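Following: one structure in C-alpha cells, then a few remarks.
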4 protein chains.
Amino acid sequence: MNKNDISVPTETEASLPESAASNAKRRQILDGAEAIFLESGYEGASMSQIACRAGVSKGTLYNHFENKAALFGAVIEDLSRGKLAPFICQSQVTAITCEEAFVQLAERFITTLVQPGPQRLYRIVVSEAPHFPDLADTFWRHGFGRTVNTLAKWIEHWIEQGAIETDDPVFAAEQFMALCQTRIVQRKRFELPVDSSPEHVRWVARRIGHAFMAIYKPGSQTAEG
Amino acid sequence: MNKNDISVPTETEASLPESAASNAKRRQILDGAEAIFLESGYEGASMSQIACRAGVSKGTLYNHFENKAALFGAVIEDLSRGKLAPFICQSQVTAITCEEAFVQLAERFITTLVQPGPQRLYRIVVSEAPHFPDLADTFWRHGFGRTVNTLAKWIEHWIEQGAIETDDPVFAAEQFMALCQTRIVQRKRFELPVDSSPEHVRWVARRIGHAFMAIYKPGSQTAEG
Amino acid sequence: MNKNDISVPTETEASLPESAASNAKRRQILDGAEAIFLESGYEGASMSQIACRAGVSKGTLYNHFENKAALFGAVIEDLSRGKLAPFICQSQVTAITCEEAFVQLAERFITTLVQPGPQRLYRIVVSEAPHFPDLADTFWRHGFGRTVNTLAKWIEHWIEQGAIETDDPVFAAEQFMALCQTRIVQRKRFELPVDSSPEHVRWVARRIGHAFMAIYKPGSQTAEG
Amino acid sequence: MNKNDISVPTETEASLPESAASNAKRRQILDGAEAIFLESGYEGASMSQIACRAGVSKGTLYNHFENKAALFGAVIEDLSRGKLAPFICQSQVTAITCEEAFVQLAERFITTLVQPGPQRLYRIVVSEAPHFPDLADTFWRHGFGRTVNTLAKWIEHWIEQGAIETDDPVFAAEQFMALCQTRIVQRKRFELPVDSSPEHVRWVARRIGHAFMAIYKPGSQTAEG
DNA sequence: CATGAATGAGCGTTCATTCAT
DNA sequence: CATGAATGAACGCTCATTCAT
C-alpha cells in the first residue's frame with residue numbers, strides 16, 4: 001500500500017446470495033428508489049413513482065421491503081456505502097510536500113461534494129435525520145465518519161513524518177473537512193450561484209491547505225490549552 | 001456604537017399595517033406554520049395540521065396565502081429575518097485580546113447553531129433549496145449571508161488594529177464560520193450523539209479561535225499564492 | 001301597427017324604483033352573473049367569480065340575492081326578458097308574398113339562434129330545467145313561448161289573407177320553429193362544424209319557407225285527420 | 001333484410017376482453033357514473049357520489065379512468081353507443097303506405113326522445129359541448145348523426161318506390177327529425193307540462209307524417225329554387 | 001414471488017355562505 | 001348597505017398499503 005493511498009478496504013459484505021434473481025430485483029428496486037428519493041425527498045417520493053422508475057409493480061416493492069421507511073433506510077445505506085464512500089476514499093494523492101498533499105485532498109473533497117449525487121444525499125440525510133434515528137448513523141458510519149477516520153489515519157502518517165503536529169488527529173481531520181466546506185460547497189448547498197470551476201476549486205483548496213498547515217505545522221500548537 | 005458590537009441594524013420594515021386584525025391572524029398562521037414546517041418539512045407538513053396548530057380554519061389559510069408554497073416562502077422569510085438573524089447578530093463581545101474575541105464569537109455561534117430552531121431551519125432550507133429557488137436566497141440574505149457580511153466588517157476592524165492580516169476579509173469570515181461547524185454543529189445536524197455541554201462548546205471554540213489566529217495572524221500569509 | 005310587424009309590446013314592468021343606487025348595483029351584479037353563468041353553467045360558476053366580474057364584494061351578492069339559486073333565477077329571467085325576446089320579436093318583415101315572408105322570418109330566426117348568446121342561454125336553460133322548476137317556465141313565458149304566440153298571431157293574419165290554411169295556428173307556429181332548427185341551429189348546438197354563412201342560412205331558410213307553404217297552403221290539409 | 005327494416009348493424013366492437021373482472025368493474029363504474037352524470041350534470045356530479053353509486057372506492061375510479069373528464073367522456077360514448085343508438089335504430093316499421101310508415105317512425109322517435117334517458121343525455125351533451133370538443137362529436141357519430149344517416153337511406157328507399165321526391169335525402173332526414181321535436185319533445189326538454197300520452201304522441205306523429213308527405217311527395221318540389 | 005386492482009384516509013384547494021365591521 | 005375575512009364541508013385527486021390471483 002502506497003503511503004499516500006488513503007483508500008479504505010471495502011467491508012467484506014456477508015451478502016448471502018439467497019437467489020440471484022431476487023438480488024437482481026432488489027438492486028433494480030434500490031436503483032429506482034435512489035433516483036426518486038434523491039430527486040424528491042422522502043415525503044415527496046411516492047411508492048408508485050418508485051415502482052414505475054424501477055420497472056416493477058407496486059406489490060413487488062412490498063415483497064422486498066416492509067414499507068416505505070424500510071426501503072428508504074436501505075436506499076440510504078446503499079448510497080452511503082456504495083456511492084459516497086468510493087468517491088471520497090479512493091484518492092491517490094501524488095503530492096510531494098505535505099501542504100500540497102492537503103491541497104490536493106481538499107480539491108478532491110470539494111470536487112466530490114459539489115456534485116449532484118453527494119449534494120442530494122447530504123440534503124436528504126440532514127433533512128430526514130430527526131425522523132429516522134438510524135439513518136444518520138448509517139450515513140455517518142459508511143460515509144462522513146469513515147472519511148474522517150481515514151483522514152485521521154492519514155494525518156497520523158504525516159505526524160510520523162514530522163510534517164504535522166497535533167495530539168488529536170481526529171479533531172484535525174474534522175477541522176480539515178469543515179474547512180473544505182467553505183464557500184463553494186456551502187453555497188452550492190443553498191443552490192446559490194457560485195463559481196465552481198476547477199480553477200476556483202483549486203484556489204479555495206490552496207487556501208484550505210495553507211490554512212491547515214498554518215494551524216497544525218509543528219510549533220504552532222504551543223499556545224493551545 | 002461599541003467597537004466590539006457586531007450587531008446589525010434591523011432593516012426598517014415598511015410593514016404597512018393594513019389592519020391590525022389581519023396582521024394578527026397572519027402572525028397566528030405564520031406561528032402555526034413555522035411549528036409544523038420545522039417539525040415535518042415542506043412535503044411532510046399538511047395544510048390541515050397547520051390550520052389546526054394555528055387555530056384557524058383551512059379556508060383562512062388560503063385567504064392569507066395563495067397556496068402552500070407561498071405560505072412556506074413567507075415562513076422561511078419570517079424565520080430567517082426574525083429568528084435567525086437576531087440570534088447571530090446581536091452579540092456583545094467583551095473580549096480584550098483578538099483571539100479571545102474570536103473564541104467568544106465561536107462560542108456564541110456554536111451555541112446558537114446547535115439549538116433546535118436554527119438546526120431545523122437549516123435542515124429545511126437545505127433540503128428544499130432545489131425546489132424553491134427563491135428560498136435559499138431569502139435565507140442567505142437575511143441569515144447566513146448577513147452574518148458573513150457582519151463578521152467580515154468586524155474582521156476589518158481587527159485588521160485596522162493590526163491583529164489580523166488578510167486581503168479578503170469575506171473569505172476569512174466564511175472560513176471562520178466553516179470552522180465553527182466542526183464537530184458539535186456538524187454532528188448535531190446528523191442527530192448523532194455529541195457532547196454539547198457549555199464546557200465542550202468552549203473547548204471547541206478555543207480551538208477554533210486558536211486556529212483562526214494561526215491562519216490570519218500577521219506574518220502567516222506570506223507563503224500564500 | 002304595421003300588419004307585418006310581429007313585435008310584442010314589452011310588458012310594463014312594475015319596477016318599483018326603490019333606490020337608484022340599489023338598482024344600479026343590482027344591474028351590475030346581474031351583468032356579471034350573466035357573463036359567468038353563460039360561460040360556465042350553473043354548477044361551474046362560483047360566487048367568487050361572479051363577485052369579481054361584477055366588481056362587487058361577495059357579501060354584496062348576498063345582500064341583493066338570497067343565494068346562488070335565486071341569483072341564477074334572476075339572471076335567467078333577465079336574459080329571457082331582455083336579451084332573447086327583443087332579438088326574436090322585433091322583426092320587421094318586408095316581404096310581399098307569404099312564402100317570402102316566412103323565408104325572411106326563418107332567416108332571422110336562424111341567424112338569431114346561432115349567435116353565442118342565445119345558444120348559451122338555450123344550453124343552460126335546457127340543462128338546468130330539471131333542477132329549477134321555475135326556470136324553464138320563465139324562459140318559456142318570456143322567450144320561446146312568447147315567440148310562438150307572436151308567430152301564431154302572425155299566422156292568423158295570413159290565414160285571414162287566405163294564404164295559409166290551418167285550424168291550429170299555434171301548432172303551425174311550433175312546427176315552423178322546429179323546422180328552423182334543422183341542420184344549422186341543431187349542429188351549432190353540438191358545436192359541430194357547419195356552414196353558417198348568410199348564404200347557407202338563406203338557402204336553409206328558403207327550404208323551410210317552401211316546406212311550410214307546402215304543408216299549410218290552402219288545399220293541402222284536406223287529407224288530415 | 002326487410003325493406004322496412006331501418007335498423008343498423010351494430011359496429012363490431014373490438015372489445016378486447018383484457019380481463020373479465022376488470023371489464024366488470026369498468027361496467028360497474030360506468031353504470032354508476034352514468035346515473036350520477038345524467039342526474040347532476042358534469043360539474044354537479046362528484047367523484048365521491050359516483051364511487052358511492054358504483055359501489056367502489058374513490059381510488060378505484062382513478063385506477064380505471066385518468067380523471068373526471070375522461071370518465072365523463074367514456075360515459076357519453078357508452079350511452080351514445082349503447083343506449084341511444086339501439087333505441088332509435090332498431091325499428092321494425094310495419095306500415096303499408098309511405099305516409100303511414102313515416103307516421104309510425106315519428107311515433108317511435110317521439111316516444112323514444114321523451115323518455116328520461118335520452119332527454120338527460122341530450123341535456124348534458126348540449127350543455128357540455130363547448131367544454132368537451134370531442135364529446136358532441138362522439139354523441140353525433142353514435143347517436144343523432146347515425147340516425148340521420150339511417151333515415152336518409154330509408155328515404156332513398158321510398159324515392160326508389162316513387163313515393164318521395166327529393167335530391168337531398170339527408171336534408172330531408174334532418175327535416176323529419178326536426179319536425180319530430182315539435183311540441184312534445186321540445187316542451188319536455190324545458191320540463192314544461194305537456195300531454196305525452198300515446199294518443200297525443202300519435203296525433204302529433206300523424207301531423208308530422210302528413211307534413212313530411214306534403215313537402216316531399218312527388219310534384220311538390222317543382223317550385224323549389 | 002410478481003402482479004395490479006382495490007382501498008379509504010388524507011392531500012391541497014375551492015365552495016357557498018355568514019357576519020362583524 | 002358594502003365589505004372581506006372566516007368557516008368547514010366538499011371538491012378532484014394521490015397516497016401507502018393490502019391481497020387475491
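Owing to the predicted nature of the structure, the values given are computational and were not obtained by experimental measurement. Here is how names work: the chains are called A, B, and so on, in the same order as the sequence lines, proteins then strands, and each is numbered from 1.
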Task: Note, C/Thr138 side chain near C/Phe132 side chain (heavy atom, < 4.5 Å) - done: no
Open item on the list: If you compare every side-chain N and O of A/Ser46 against the phosphate oxygens of F/dT14 (OP1, OP2), does one of them come in below 4.0 Å?
Closed with: no
Open item on the list: I want to verify a distance call: between E/dA6, F/dA6, E/dC1, whose nearest atom is closest to the B/Thr60 side chain?
Closed with: F/dA6
TODO: Figure out the CZ/C1' separation between B/Arg26 and F/dA6, and round it to whole Å.
DONE: 17 Å
Open item on the list: Please classify the nucleic acid contact of B/Ala45 as base, sugar-phosphate, or nothing, using heavy-atom distances under 4.0 Å.
Closed with: sugar-phosphate
Open item on the list: If the cut-off is 4.0 Å, is D/Ser57 near the phosphate of E/dA6, judged by side-chain N/O to OP1 or OP2?
Closed with: no
Open item on the list: Tell me if the side-chain of B/Lys68 makes a donor-acceptor pair with the base of E/dT13, cut-off 3.5 Å, by modelled atom types.
Closed with: no
TODO: Take B/Gly55 and D/Ala69, find for each the nucleotide of DNA chain F with the closest heavy atom, and name the residue whose nucleotide sits nearer the 5' end.
DONE: B/Gly55
Open item on the list: Measuring only between side-chain heavy atoms, which start at C-beta, is D/Val56 closer than 4.5 Å to D/Ile50?
Closed with: no
- [ ] Report the distance from atom CG of A/Asn63 to atom P of F/dT21, rounded to the nearest whole Å.
- [x] 17 Å
TODO: Assign the ring pair C/Tyr42 / C/Phe37 to parallel, tilted or perpendicular, where the plane angle (0 to 90°) is split at 30° and 60°.
DONE: parallel
Task: Base E/dA16 to side chain C/Asn67, donor-acceptor N/O within 3.5 Å cut-off - done: no
Open item on the list: Quick check: on DNA chain E, is the nucleotide nearest C/Tyr62 upstream (toward 5') of the one nearest B/Ser48, or the reverse? Name the residue that is more 5'.
Closed with: B/Ser48
Task: Selection from F/dG12, F/dA5, F/dC15 that lies nearest to any side-chain heavy atom of A/Gln49 - done: F/dC15
Open item on the list: Taking donor-acceptor contacts at under 3.5 Å, does the side chain of C/Lys58 reach the base of E/dT17?
Closed with: yes
TODO: State whether A/Glu34 and A/Arg27 are salt-bridged, where the test is any N-O pair (Lys NZ or Arg NE/NH1/NH2 against Asp/Glu carboxylate O) under 4.0 Å.
DONE: yes
Open item on the list: In whole Å, I'd like the distance from the CG atom of B/Leu61 to the C1' atom of E/dC15.
Closed with: 16 Å
Task: D/Glu43 CD to F/dA10 P, straight-line distance once rounded to whole Å - done: 18 Å
Task: Euclidean distance, atom CD of residue B/Gln28 to atom C1' of F/dA6 [Å, nearest integer] - done: 11 Å
- [ ] Quickly work out the C/Phe65 CZ to E/dT18 P distance and round it to whole Å.
- [x] 16 Å
TODO: Scan every strand shown for a Watson-Crick or G-U wobble partner of F/dC1, both distances under 3.5 Å, and answer none if you come up empty.
DONE: none
TODO: Could you tell me the separation between the CD atom of A/Glu66 and the C1' atom of F/dA16, rounded to a whole number of Å?
DONE: 13 Å
- [ ] Report yes if the side chains of A/Asp134 and A/Ile76 come closer than 4.5 Å at any heavy-atom pair, otherwise no.
- [x] no
- [ ] Choose from E/dT13, F/dG12, E/dA16 the nucleotide whose nearest atom is closest to any side-chain atom of C/Met47.
- [x] E/dA16
Open item on the list: Without decimals, in angstroms, what is the distance between C/Leu71 CG and E/dT17 C1'?
Closed with: 13 Å
